[in-house]
Protein chains: 2
Amino acid sequence: MESTFTINGRIWLEKDGEKVLGHGRVELLERIHNSGSIRQAALQMKMSYKQAWDIIKHMNTHFSSPVVIPQRGGKGGGSALVTENGLNIISEFHQLQEKLKKFLEVNSVNIAY
Amino acid sequence: MESTFTINGRIWLEKDGEKVLGHGRVELLERIHNSGSIRQAALQMKMSYKQAWDIIKHMNTHFSSPVVIPQRGGKGGGSALVTENGLNIISEFHQLQEKLKKFLEVNSVNIAY
DNA sequence: TATCATTATATTTTAAAAAATATAACGCTC
DNA sequence: GAGCGTTATATTTTTTAAAATATAATGATA
């Protein structure tokens with residue numbers, strides 16, 4: 001009898017030992033960027049608006065400059081914009097993800113216990 | 001104003017998309033190996049015996065051969081032994097951890113947003 | 001055979017997390 | 001200025017996870 005396993009992994013950004021950015025938060029940022037709305041992004045990811053808003057508040061205060069600028073009232077009731085800084089962070093994280101993917105591929109060979 | 005971040009990460013072994021072995025489980029195995037007792041290992045890690053036992057049961061059924069052989073009754077009330085397979089898995093995981101550590105070090109330079 | 005500390009398991013209780021609900025503020029549009 | 005859909009926030013309810021508790025089974029040892 002033989003069993004094979006795969007190695008998987010995750011990376012994230014920390015500040016003072018606290019998680020600030022990871023897989024899920026990047027996806028949230030991307031969906032806000034595409035929809036222009038925190039609420040729509042949250043709906044797409046099946047999370048509550050509160051949860052999404054808490055995350056954004058946390059990120060906005062932990063990066064040197066905000067990653068999302070929300071605006072309430074006005075056309076469509078309001079909107080949310082991902083900043084240049086936010087877009088850079090998304091891009092940087094994707095590059096790291098790519099590197100991790102390669103790392104996992106290289107080390108995933110022939111593991112059977 | 002400048003902020004610096006560190007990249008951190010975790011790796012684990014999966015079987016059919018399900019987590020089978022990670023950081024915490026390896027530590028549990030090591031403590032069982034050193035103490036010869038599931039209960040003592042659980043106490044050391046401040047987890048309930050049930051939690052530890054569930055983990056061991058899960059691992060024993062997901063690897064090709066058991067990683068822990070528990071024995072109840074007898075001298076001292078019972079004991080638990082980490083198998084050769086279990087020890088190999090611990091060793092292999094440590095090697096992977098080392099590689100990840102290097103990966104993180106290499107990619108952790110100059111990230112500031 | 002009584003004792004012991006452990007393994008093994010079920011059940012109950014507690015705590016934490018998540019979800020749901022409610023409400024206000026906002027500012028463009030009509 | 002009424003309506004709209006969003007942001008923003010607090011509160012309540014529900015769900016889930018963890019912890020605690022209880023109890024049996026075990027077998028060497030004395």
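- Candidate nucleotides C:dC28, C:dT7, D:dT7 were compared by shortest atom distance to the side chain of A:R72, and D:dT7 ranks first.
- Straight-line distance from the NZ atom of B:K46 to the C1' atom of D:dA18: 16 Å, rounded to whole Å.
- The side chain of A:S37 sits closest to D:dT7 out of C:dT6, C:dT11, D:dT7.
- Proximity of B:Q51 to the phosphate of D:dA19: a side-chain N or O atom is located under 4.0 Å from OP1 or OP2.
- Considering only side-chain N and O atoms, B:W53 lies nowhere under 4.0 angstrom from the phosphate OP1 or OP2 of C:dT7.
- For B:Y49, taking side-chain heavy atoms from C-beta onward, the closest of the listed nucleotides D:dA19, D:dA8, C:dA8 is C:dA8.
- One interatomic measurement links the two molecules: CZ of A:R39 to P of C:dC26, which rounds to 18 Å at whole-angstrom precision.
- For B:H33, the NE2 atom sits in a loose shell: 12 or fewer heavy atoms of surrounding residues, nucleotides or ligands are nearer than 6.0 Å.
- A straight line from NZ of B:K50 to C1' of C:dT13 spans 14 Å, rounded to a whole angstrom.
- For C:dC26, the OP1/OP2 oxygens have no side-chain nitrogen or oxygen of A:Q71 closer than 4.0 Å.
- By the 4.5 Å heavy-atom criterion applied to side chains, B:L29 and B:R25 are not counted as neighbours.
- In A:Q71, the CD atom is not crowded: 12 or fewer heavy atoms of neighbouring residues, nucleotides or ligands sit closer than 6.0 Å.
- Rounded to a whole Å, the CD1 atom of B:I56 is 14 Å from the P atom of C:dT6.
- Residue B:Q40 places at least one side-chain N or O closer than 4.0 Å to OP1 or OP2 of C:dT6.
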